[in-house]
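Structure first, then comments.
When a ligand or atom number is given, it counts from 1 through the structure's own listing order. Only this structure's heavy atoms are used, side chains among them; waters, hydrogens and symmetry mates stay out.
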Amino acid sequence: MAKNYKNAEWKKSMRLRLDYNNMMREFIGEEEGFTKKELDYYKPMAQEALKSVDSKRGKGWLEWTELPYNQKEIVADIKQTAKQIRKTAKSFVVLGIGGSALGPIAVFQALCHLHYNELPNKVRKGPKFYVEDNVDPERMKALLDVIDVENTVFNVITKSGATSETMTQYLIIYKLLEEKLGKKANEHIIATTSESSGNLIKIAKAEGFKTYYIPNGVGGRFSELSPVGLLPAAVLGIDIEEMLAGAAYMDKISRNKDLYKNAPLLNTVLMMIAMNKGKNISVMMPYSDALKYFADWYCQIWAESLGKEVDIEDNTVNVGQTPVKALGVTDQHSQVQLYTEGPYDKVVTFLAVDKYRTEVVISDGCKDFADVNFLCGHTMNELIDAERKATEYALAVKHRLNHTIYLPEINPFTIGELIYYFEMQTAFAGELMRIDAFNQPGVENGKKATYALLGRKGYEEKRAELDAAFAKKGGYNC
Ligand code: PA5
C-alpha cells in the first residue's frame with residue numbers, strides 16, 4: 001500500500017498547528033494575558049532545555065526519542081505477528097496498567113471505528129479489542145463473560161515485569177487458558193516487557209511466550225511508540241509506519257532552535273509562565289470523541305512526569321500541574337461553567353480537528369419552530385466547530401487562558417505527531433522545572449504498601465508500619 005508519509009506535500013499538509021492567541025494580553029486582557037516580552041524572556045532557558053534534551057537523546061531515560069527511527073526490524077516482526085492474529089483470533093486483550101494501557105486505549109479510540117467491537121466480523125476484519133486497565137473484579141468477570149479465552153490472544157504488557165495489577169490479570173488468564181488448552185496455552189500469550197529485568201521476562205522464557213522488548217530507557221508513559229503500542233495498533237489494522245513517521249516529523253519540528261517555530265517548546269514555555277502565575281490546572285479538551293482517551297493519556301504523562309517533591313538538586317519543591325480531562329462539546333454542559341467563572345487557576349488546551357472523517361447533515365424538520373429549525377441544513381461538523389469556537393470565545397472574554405492545537409485530520413500520522421508532541425513537551429517541561437520527569441517515586445511507595453498488605457516476602461517491615469497506621473484510624477468515621 002502506498003505510504004502517505006512518503007509524499008512531502010501531504011506530510012506538510014498534516015502538520016499540527018498551535019494557536020496561542022488566547023494566551024496573550026491582546027486577546028484576553030492585561031491581567032491574565034502574557035506578553036511577547038515574557039515569552040522572549042524564556043528564550044534562553046528554552047534554548048538550554050532544547051540543548052539538554054538533545055544531548056541526552058537516545059540515552060538514559062530518553063531512549064524513546066529514537067523510537068521513530070530504530071525499529072525497522074521490530075516493525076516487520078510486529079506486522080507479521082499482527083497479520084496472523086488478525087486471521088485467527090476472535091479477540092485481542094491487552095493486560096496492563098498505566099503507561100502499558102493508556103496508549104493502546106488512546107490509539108484504539110482515535111483510529112478505529114467508535115463502535116469497533118460491535119461491528120460485524122467482515123467489516124472489522126480483525127479481532128475484537130479490550131484493555132484491562134484495572135483490577136476491578138467486576139471488570140475481569142465482565143471481560144470473561146464476552147470472550148472465549150481459547151479464541152483470544154492476550155498481550156501482557158509491563159515494563160517492570162513486576163506490576164501486581166498486570167501480573168494478577170496474567171495469573172487469572174493463564175490458569176483459564178491452561179485449563180482449556182493445556183500446553184497450547186502459551187500460544188495465546190504475547191509478553192511485552194523489559195529484556196533484562198522483572199518476572200515477566202523469566203516467565204516468558206520458561207513458558208516460551210512470543211516476546212517483544214521495551215528498551216531499558218523507555219519508561220511506561222513514554223512507551224506508546226514502542227512495541228507496547230505498536231503491536232496492539234497493528235492488530236487493529238492501523239498503519240504503524242505512518243504513526244512512526246508522524247512522530248519523526250514532530251521530532252524534526254521539536255528540534256527547531258527558533259522558539260517560535262517549535263510548537264512543543266513554545267507550548268512548554270506557555271505552560272511554564274502559566275504555572276509560575278499559579279495556574280495549577282491543565283485542562284485537556286478535545287473536540288472529538290476519537291481523541292477522548294488521548295486526554296487520559298495526556299493526564300498520565302503530565303501528572304506522573306511533572307508532579308514531583310524534589311528537584312534535581314534534591315531541594316523540596318512540590319511542583320506539578322494537575323491535568324484534567326474534558327470532552328467537547330459534552331463538557332460544555334458540565335465543566336465549562338467552572339472554567340469561565342471559577343478560580344483563575346487553569347489553562348485550557350483545546351484539540352481541534354479541521355476535517356472529521358465523516359460529515360453528517362442535520363435533517364430538515366420542525367418548520368414551525370424557528371429556534372430548532374435554524375439548525376437544519378447545517379452539518380454536525382459545522383455545529384461542533386461552532387461550539388468549539390464559541391467556547392474559546394466565551395473563555396477569552398472572561399480572561400481565561402486557552403490555546404488550541406489543530407489536527408488537520410485524525411489519522412495514524414497525526415496521532416504519531418500528537419503523541420510525540422506531548423512527550424517532547426513533557427521532557428522540555430522537566431528541564432525547565434529542573435526535575436526528573438522520568439521517575440515516579442510517589443507511585444512506587446503505594447506499590448510497596450500493596451505488596452506489604454498482601455503479604456509479599458521482604459515487606460514485613462512495611463506491613464508493620466501500615467498496621468500501626470491503620471490501628472490509629474477509627475475516630476473519624478460517620
Ligand atoms: O509511566 C510509568 O512508568 C508508570 O505509569 C507505569 O506505566 C505503570 O506503573 C505500569 O508499570 P509497568 O509497565 O512496569 O507494569
Next on the checklist: Testing R57, E423, E66 one by one against D251 for a side-chain contact (heavy atoms from CB on, under 4.5 Å), which residue passes?
Outcome noted: R57
Checklist entry - Among protein heavy atoms, which sits nearest to atom 10 (C) of ligand 1, and what does the distance come to when rounded to 0.1 Å? => result I97 O, 3.4 Å
Checklist outcome for this item: for atom 4 (C) of ligand 1, nearest protein heavy atom and its distance come out as E304 OE1, 3.1 Å
Next on the checklist: I'd like to know if V443 contacts ligand 1, where contact means a heavy-atom distance under 4.0 Å to any ligand atom.
Outcome noted: no
Checklist outcome for this item: Only residue of K277, M275, M284, H403 satisfying side-chain contact (heavy atoms from CB on, under 4.5 Å) with V347 is H403
Next on the checklist: Quick test: of every protein heavy atom, which one is nearest to atom 9 (O) of ligand 1, and how far off is it to 0.1 Å?
Outcome noted: K447 NZ, 3.6 Å
Checklist outcome for this item: protein heavy-atom neighbour closest to atom 12 (P) of ligand 1 works out as T163 OG1, 3.2 Å
Item to check | For I190, the option from T81, V94, I157 that meets side-chain contact (heavy atoms from CB on, under 4.5 Å) | outcome: T81
Item to check | L231 versus I78, closest heavy-atom pair with distance | outcome: CA-CG2, 3.7 Å
Next on the checklist: Run the salt bridge (Lys or Arg N to Asp or Glu O under 4.0 Å) test against D136 and tell me which residues pass, sequence neighbours left out.
Outcome noted: none
Checklist entry - atom 7 (O) of ligand 1: which protein heavy atom is closest, and how many Å away? => result G99 N, 2.9 Å
Checklist entry - Is Q300 in contact with ligand 1, taking contact as a heavy-atom separation below 4.0 Å? => result yes
Checklist entry - Residues in side chain to side chain contact (heavy atoms under 4.5 Å, CB included) with Q300, at least two apart? => result L102, R221, E304
Checklist entry - What do we get for E165 next to ligand 1 when only non-hydrogen atoms under 4.0 Å count, side chain, backbone, both or neither? => result neither
Checklist entry - Sub-3.5 Å donor-acceptor pair from the side chain of E165 to the main-chain atoms of D133, do we have one? => result no
Checklist entry - Which ligand 1 atoms, with their elements, are less than 4.0 angstrom from a heavy-atom of Q440? => result 3 (O)
Item to check | ligand 1 to S160 polar contact by distance, N or O atoms, under 3.5 Å | outcome: yes
